[in-house]
Amino acid sequence: LKRVVPPTSPVNTNNFVHALRLWGPHAQFDNPDLPTSELLRAYFLNDRVFRRFAGGAVPPIFSRTPDGLLRARFYDDGPNHRTSSSYHTDDLLATLAESGTPLDTPLIMRDETSTVRELAQSAMLDFNLQQHEFEWSVISYARYIFPQKRWQNKFGETITVDQLVDLLVDGPSGVGPCNGLHRLEALVVLYRADEQVQVLSPRVRQKMLAHMQLVSQLLVESQTDAGYWTRHWPQGAAARSDAEGQIYDHLLVTGHQLEWLALAPEEALPPRENIVRAARWTVKTILEISDADLQEHYGPFSHAARAISLWRGAEPGQFWESHAH
């Protein structure tokens, strides 16, 4: 955890997203140069804090669209100010949800004040089944909107939870952001959310579980002797040989796999021996990587550290407080 404290130089919104996901809502550090979890979350919720970190001349991170919806400034909106932009569709909303931010929390923008609830409602109205990135939208839905089973978007289309499951399960494995691994996280987050309310049909739940079990079998087949997985993991045993992959690629895939597996039901898991080998390789890599490489690829390393924390049953902020001094 000492290696993955929140990076602040240069300020990067995507790094702050990953830091808040990793450290949760309660982390405090004995270094005044490191932002606490409270400041990390305020970066997204309060435009004054956002400008303090990102610079006074940057455009706001949240604003209204011409049709009145709230929207985060996106990485592809233009070449300027990309480091302070959202990197994935609805990743900021999903991160607020994962850090336990209530829907009635004020969202203090540059020209007005709204709420996280309106941001979530806007995301659902904007959502469509053809959008390129949908993983963080589904995570946001699972944590903020579910068990509502359907809604209508701004295009007049009815979106159902069964359609979301089809999106997550039926696409080709390995395709999508981070080798398709955020689809697996979204799937398991929705599966776990339904355990609390049990509104999905047995058929749909079985479809979700069967897909997780299929992926776990692929992970057993594709795991290298060293313990990591490559970007070619959906190919099974053939994925063990990856002459082109760099350590960053292996860390990205292995960290993300361990992360969703930490949230998965026991009946969907590969044998413990596979988990242990992957975790040992991951810890070794986090400890040995150079500071420069870690800074450049903070996002994947934070996923890996979060995965290890989840498997250890340790909330990083609380663990830091009780063990790091």
> Do Gln131 and Ser137 pass the side-chain hydrogen bond (donor to acceptor under 3.5 Å, both in side chains) test, and can you show the C-alpha distance, the side-chain angles, and the key distance before you say yes or no?
Replying inline: CA-CA 10 Å; Gln131 69 187 51; Ser137 305; 3.2 Å; yes

To the nearest 0.5 Å, what is the distance between [atom1] on [X] and [atom2] on [Y]?
{"X": "Ser84", "Y": "Asn14", "atom1": "OG", "atom2": "CG", "result": "11.5 Å"}
{"X": "Ser37", "Y": "Phe29", "atom1": "OG", "atom2": "CZ", "result": "6.0 Å"}
{"X": "Asn46", "Y": "Thr113", "atom1": "CG", "atom2": "OG1", "result": "8.5 Å"}
{"X": "His297", "Y": "His18", "atom1": "NE2", "atom2": "NE2", "result": "12.5 Å"}
{"X": "Leu263", "Y": "Met212", "atom1": "CG", "atom2": "CE", "result": "10.5 Å"}
{"X": "Leu200", "Y": "Asp162", "atom1": "CG", "atom2": "CG", "result": "7.0 Å"}

Which pair of non-hydrogen atoms, one from [X] and one from [Y], has the smallest distance, and what is that distance?
{"X": "Val116", "Y": "Leu45", "answer": "CG2-CD2, 3.8 Å"}
{"X": "Trp136", "Y": "Ala94", "answer": "O-CB, 3.7 Å"}
{"X": "Leu34", "Y": "Pro6", "answer": "CD2-O, 3.4 Å"}
{"X": "Ala262", "Y": "Ala307", "answer": "CB-O, 4.4 Å"}
{"X": "Phe146", "Y": "Val199", "answer": "CZ-CG2, 3.3 Å"}
{"X": "Trp229", "Y": "Thr254", "answer": "N-OG1, 2.9 Å"}

Please answer whether the main-chain N or O of [Y] pairs with a side-chain N or O of [X] as donor and acceptor at a distance below 3.5 Å.
{"X": "Arg3", "Y": "Ala305", "value": "no"}
{"X": "Asp47", "Y": "Phe50", "value": "no"}
{"X": "Gln163", "Y": "Thr160", "value": "yes"}
{"X": "Arg150", "Y": "Val161", "value": "no"}
{"X": "Ser122", "Y": "Leu69", "value": "no"}
{"X": "Arg71", "Y": "Thr65", "value": "no"}
{"X": "His256", "Y": "Leu252", "value": "yes"}
{"X": "Asn153", "Y": "Gly156", "value": "yes"}
{"X": "Arg192", "Y": "Ala264", "value": "yes"}
{"X": "Asp90", "Y": "Leu93", "value": "no"}

> Looking just at side-chain N and O atoms, do Trp260 and Gln257 make a donor-acceptor pair shorter than 3.5 Å?
Replying inline: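 Gln257 and Trp260 do have a side-chain donor-acceptor pair below 3.5 Å.
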
> Just checking, any donor-acceptor pair under 3.5 angstrom between side chains of Thr89 and Glu135?
Replying inline: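 Not at all, the side chains of Thr89 and Glu135 share no donor-acceptor pair under 3.5 Å.
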
Min side-chain heavy-atom separation [X]-[Y] under 4.5 Å:
{"X": "Glu98", "Y": "Arg143", "result": "yes"}
{"X": "Leu190", "Y": "Val165", "result": "yes"}
{"X": "Gln223", "Y": "Pro270", "result": "no"}
{"X": "Met109", "Y": "Ser63", "result": "no"}
{"X": "Val276", "Y": "Trp281", "result": "no"}
{"X": "Phe53", "Y": "Val49", "result": "yes"}
{"X": "Leu107", "Y": "Phe44", "result": "no"}

>> Cation-pi check for Phe62 against Arg73: NZ or CZ below 6.0 Å from the six-membered ring centre and within 45 degrees of the axis, yes or no?
In response: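 Cation-pi check for Arg73 and Phe62: fails.
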
Same hydrophobic cluster for [X] and [Y], using side-chain heavy-atom links shorter than 4.5 Å among ILVMFWY?
{"X": "Val4", "Y": "Phe319", "answer": "yes"}
{"X": "Leu181", "Y": "Tyr248", "answer": "yes"}
{"X": "Val197", "Y": "Val138", "answer": "yes"}
{"X": "Val11", "Y": "Leu20", "answer": "yes"}
{"X": "Leu40", "Y": "Ile108", "answer": "no"}

Got a salt bridge between [X] and [Y], using NZ or NE/NH1/NH2 to carboxylate O under 4.0 Å?
{"X": "Arg272", "Y": "Glu266", "value": "no"}
{"X": "Arg205", "Y": "Glu267", "value": "no"}
{"X": "Arg117", "Y": "Asp104", "value": "no"}
{"X": "Asp170", "Y": "Lys207", "value": "yes"}
{"X": "Arg183", "Y": "Glu133", "value": "no"}
{"X": "Arg306", "Y": "Glu185", "value": "yes"}
{"X": "Arg240", "Y": "Glu221", "value": "no"}

Is it the case that more than 12 heavy atoms not belonging to [X] sit under 6.0 Å from its [atom1] atom?
{"X": "Asp111", "atom1": "CG", "answer": "no"}
{"X": "Asp225", "atom1": "CG", "answer": "no"}
{"X": "Glu38", "atom1": "CD", "answer": "no"}

Looking only at the aromatic ring of each residue, does the gap between the centers of [Y] and [X] stay below 6.0 angstrom?
{"X": "Tyr141", "Y": "Phe127", "result": "no"}
{"X": "His303", "Y": "His182", "result": "yes"}
{"X": "Trp233", "Y": "Tyr228", "result": "no"}

>> Does Thr282 form a side-chain contact (heavy atoms from CB on, under 4.5 Å) with Leu258? I'd like the steps, not just the answer.
In response: CA-CA 9 Å; Thr282 299; Leu258 286 173; 3.5 Å; yes

>> I'd like to know whether Phe301 forms a side-chain contact (heavy atoms from CB on, under 4.5 Å) with Asp293, so could you lay out the CA-CA distance, the side-chain angles of the two residues, the decisive distance to 0.1 Å, and finally the verdict.
In response: CA-CA 10 Å; Phe301 277 94; Asp293 286 343; 5.5 Å; no

> Does the pair Tyr43 and Arg52 meet the rule for a side-chain contact (heavy atoms from CB on, under 4.5 Å), with working shown?
Replying inline: CA-CA 9 Å; Tyr43 177 90; Arg52 187 200 317 168; over 6 Å; no

>> Quick one, Glu288 with Lys284, criterion side-chain contact (heavy atoms from CB on, under 4.5 Å). Give me CA distance, side-chain angles, the key distance, then yes/no.
In response: CA-CA 6 Å; Glu288 293 179 354; Lys284 182 175 183 291; 3.0 Å; yes

>> By the definition side chain to side chain donor-acceptor pair (under 3.5 Å), identify the one residue from Thr95, Thr13, Asp91 that meets it with Ser86.
In response: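 Checked Thr95, Thr13, Asp91 against Ser86; only one passes side chain to side chain donor-acceptor pair (under 3.5 Å): Asp91.
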
> After noting the C-alpha distance and the side-chain angles of Thr83 and Asn12, does the key distance pass the side-chain hydrogen bond (donor to acceptor under 3.5 Å, both in side chains) rule?
Replying inline: CA-CA 5 Å; Thr83 57; Asn12 183 297; 5.5 Å; no

